[in-house]
> 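Sharing a structure, written as structure tokens. Questions coming.
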Protein chains: 2
Amino acid sequence: MYSGTMGTQEPRGTEQPRGTQERLIRSTQELLWERGYVGTSPKAILERAGVGQGSMYHHFAGKSELALAAIRRSAEELRQSAEECLGAPGTAYDRVSAYLLRERRVLRGCPIGRMTQDRDVVHSPELRRPLDELFGWLQGRITEVLAEGQRRGELADGLDPAAGAAAVAAVVQGGYVLARAAEDPAPFDAAVQGVLALLAAQRTPGTATAATTG
Amino acid sequence: MYSGTMGTQEPRGTEQPRGTQERLIRSTQELLWERGYVGTSPKAILERAGVGQGSMYHHFAGKSELALAAIRRSAEELRQSAEECLGAPGTAYDRVSAYLLRERRVLRGCPIGRMTQDRDVVHSPELRRPLDELFGWLQGRITEVLAEGQRRGELADGLDPAAGAAAVAAVVQGGYVLARAAEDPAPFDAAVQGVLALLAAQRTPGTATAATTG
DNA sequence: GTCTATATATAGATAGAC
DNA sequence: GTCTATCTATATATAGAC
């Protein structure tokens, strides 16, 4: 049985090869990102992790339990990464802009968004939950940022924060799709520029770039 | 060998069960949509089509050739469907709005967008080409519509048509992702409303709803 | 805990009868 | 053109030795 993503034993600090369980989770994260759930075999996982089959089935009951740990981990990493941009100081526009423009390896796509195209994942309540939670959090967080911008007088009152937030989140996920179809990051960048320009038009006069209006 | 999507023989008009080859393409379209390329087995295809294994390998060299025919067909159907909205009369905003609001079975996602998450598809130049062409066409077509709106004086000159078009296309694809993560069409609808509201703010004063300005 | 068999089902395709 | 064997490789997991 899988003994929990966080629990039992934290890295000792001087743990060299980082532990079998940890390596299994990491290689599963990578493979799910590259190949999706159905395209990822237990064999590929243990080969990339450099462990034997017995080890894998000792730490995890099977493929789906390992995938659950990997998906949770990826979602948490993504959440932290987004929060670094969205929680930074600056105007609402600046923070959303930072989120949209942060360095991404566009052609690799989103490790969590990708999972929504995997039948076995969305059909499993357990596996789907981390996706739902991450994107729910993300939209909520962007909504907060936009609403705060309105309260501060940076953004037009007519803007619907929740709808704007959904559009921003969708542009990122859809940008990946367009970029992968073209095998070129350009459509992603264009979509981001497009939504940013539309959002910029919602700024109130005088909210140019840096407004330290607490 | 597969003898071409369009060619050799068109439906006779009174052809009852529609032909083995046609049934194979249709069931492949469905399965690729539901399960993706890697998740679709030849066995599943022929079972859904109701034909034997020999028939399938008689008409198509293998899975990838069949997938190519199915993907081309789906892309063409999608193109026609989009053109019905984007080529309709009305203001640029109305036409883009019609495209964004047309009836979609949101939780099923986009049959072509889905393929971008399939490693075997994007790594195959032949299989990826129809995706590239469809999304390239789509963004170009929306760009035209927006640019035309500007020329007609309906939309603000400051709007970048190509970036706006990329954003619109991305919102649709990303909307599917958010909706599937939530197992609920609501995020899709919210994203569409969000981008439409932002676009509406680009309309010039006096271009309310129906402007028959030829 | 980790390893090497072993086992069953399916994937993807070929061969050859009708 | 269509069908039923047949075939090899892999997916996913279990068993049991060390």
Side-chain angles (χ1 to χ4, degrees), chain A residues 1-4 7-9 11-12 15-28 31-32 34-70 118-121 123-124 126-127, chain B residues 1-4 7-9 11-12 15-28 31-32 34-70 118-121 123-124 126-127:
Chain A
M1 284 288 278
Y2 170 55
S3 47
T8 41
Q9 48 171 18
R12 288 279 178 280
E15 215 157 10
Q16 300 126 352
R18 198 181 245 146
T20 299
Q21 191 167 312
E22 183 66 17
R23 287 214 307 282
L24 284 165
I25 293 178
R26 289 221 188 282
S27 59
T28 304
L31 285 163
L32 288 180
E34 295 168 12
R35 311 183 186 177
Y37 184 82
V38 62
T40 296
S41 67
K43 190 186 175 197
I45 292 172
L46 56 88
E47 278 178 352
R48 184 169 299 205
V51 307
Q53 206 156 8
S55 284
M56 189 184 122
Y57 283 103
H58 171 76
H59 291 290
F60 299 90
K63 177 179 171 178
S64 73
E65 207 178 83
L66 191 37
L68 179 60
D118 237 307
R119 208 166 195 255
D120 294 350
V121 171
H123 280 192
S124 155
E126 233 183 350
L127 292 178
Chain B
M1 284 287 278
Y2 170 54
S3 47
T8 43
Q9 47 170 21
R12 288 278 178 282
E15 213 157 15
Q16 300 126 352
R18 199 178 245 148
T20 300
Q21 191 167 311
E22 183 66 17
R23 288 214 306 281
L24 284 165
I25 292 177
R26 290 222 187 280
S27 59
T28 305
L31 284 163
L32 288 180
E34 294 168 14
R35 310 184 187 178
Y37 183 82
V38 61
T40 296
S41 68
K43 189 185 175 198
I45 291 171
L46 56 87
E47 279 178 351
R48 184 168 299 204
V51 308
Q53 207 157 5
S55 284
M56 188 182 122
Y57 283 103
H58 172 76
H59 290 289
F60 299 90
K63 177 179 170 177
S64 73
E65 207 176 83
L66 192 37
L68 179 58
D118 236 306
R119 209 167 193 253
D120 295 351
V121 171
H123 281 191
S124 155
E126 232 183 350
L127 292 178

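By convention in this document, chain letters (A, B, ...) are assigned in the order of the sequence lines, proteins followed by strands, and residues within each chain are numbered from 1.
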> Just verifying a value: how many Å separate Tyr57(A) OH and Leu24(A) CG, rounded to the nearest 0.5 Å?
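Interatomic distance, Tyr57(A) OH to Leu24(A) CG, rounded to 0.5 Å: 11.0 Å.
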
> Give every pair of a protein N or O atom and an N or O atom of nucleotides 7-11 of chain C that lie under 3.5 Å apart, one pair per line with the distance.
{"from": "dA11(C)", "atom 1": "OP1", "to": "Ser41(B)", "atom 2": "OG", "distance (Å)": "3.2"}

> Under 4.0 Å: is that the gap between some side-chain N or O of Thr20(B) and OP1 or OP2 of dT2(D)?
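It does, given that an N or O in the side chain of Thr20(B) lies less than 4.0 Å from OP1 or OP2 of dT2(D).
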
> Send over the distance from Phe60(A) CZ to dG1(C) P, rounded to a whole Å.
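Between P of dG1(C) and CZ of Phe60(A): 13 Å.
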
> Roughly, in whole Å, what's the span from CZ in Arg23(B) to P in dG1(D)?
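That distance rounds to 14 Å.
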
> What closest approach, in Å, do Thr40(A) and Leu31(A) show between heavy atoms, and which atom pair accounts for it?
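Taking every non-hydrogen atom into account, OG1-O, 3.2 Å.
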
> Rounded to the nearest 0.5 Å, what's the gap from CD on Glu47(B) to CD on Gln53(B)? Could you check?
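Answer for the CD-CD pair, Glu47(B) versus Gln53(B), is 9.5 Å.
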
> Enter the distance from Arg23(B):CZ to Leu46(B):CG here, rounded to the nearest 0.5 Å.
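Arg23(B) atom CZ to Leu46(B) atom CG measures 11.5 Å (nearest 0.5 Å).
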
> Working to the nearest 0.5 Å, report the span between OG1 of Thr28(A) and CD of Glu65(A).
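It is 11.5 Å, given to the nearest 0.5 Å.
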
> With a 4.0 Å limit, can you tell me whether His58(A) has a side-chain N or O closer than that to the phosphate oxygens OP1/OP2 of dC3(C)?
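So the side chain of His58(A) is outside the cut-off, no N or O lying under 4.0 Å from OP1 or OP2 of dC3(C).
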
> If you compare all heavy atoms of Ile45(A) against all heavy atoms of Met56(A), which two are closest, and at what distance to 0.1 Å?
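Closest approach of Ile45(A) to Met56(A), heavy atoms only: CG2-SD, 4.5 Å.
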
> Using the C1' atoms of the five pairs at each end, what is the angle between the end axes of the helix from dG1(C)-dC18(D) to dC18(C)-dG1(D), to 10°?
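Taking five pairs per end, the axes differ by 10°.
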
> Distance check needed: dG1(D) P versus Leu24(B) CG, whole Å only.
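Checked: the CG to P distance equals 13 Å.
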
> Please report the closest heavy-atom contact between Phe60(B) and Gln21(B), naming both atoms and the distance.
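Nearest pair, atom of Phe60(B) first, then Gln21(B): CZ-CG, 3.8 Å.
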
> Can you list, by residue number, the residues of residues 45-56 of chain A that have a non-hydrogen atom closer than 4.0 angstrom to DNA chain C?
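Result for residues 45-56 of chain A: Val51(A), Gly52(A), Gln53(A), Gly54(A), Ser55(A), sorted by number.
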
> Could you pull out the closest heavy-atom pair between Asp118(A) and Val38(A), with the gap in Å?
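Taking Asp118(A) first and Val38(A) second, the nearest heavy atoms are OD1-N, 3.3 Å.
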
> Atom CD of Glu65(B) and atom C1' of dG12(C): how far apart are they, to the nearest Å?
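Taking CD of Glu65(B) and C1' of dG12(C), I get 15 Å after rounding.
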
> Measure the OG-CZ distance between Ser124(A) and Arg119(A) for me, rounded to the nearest 0.5 Å.
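Going from the OG atom of Ser124(A) to the CZ atom of Arg119(A) covers 13.0 Å.
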
> Measure CG/Asp120(B) against C1'/dG12(C) and give the value in whole Å, please.
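Interatomic distance, CG of Asp120(B) to C1' of dG12(C): 13 Å.
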
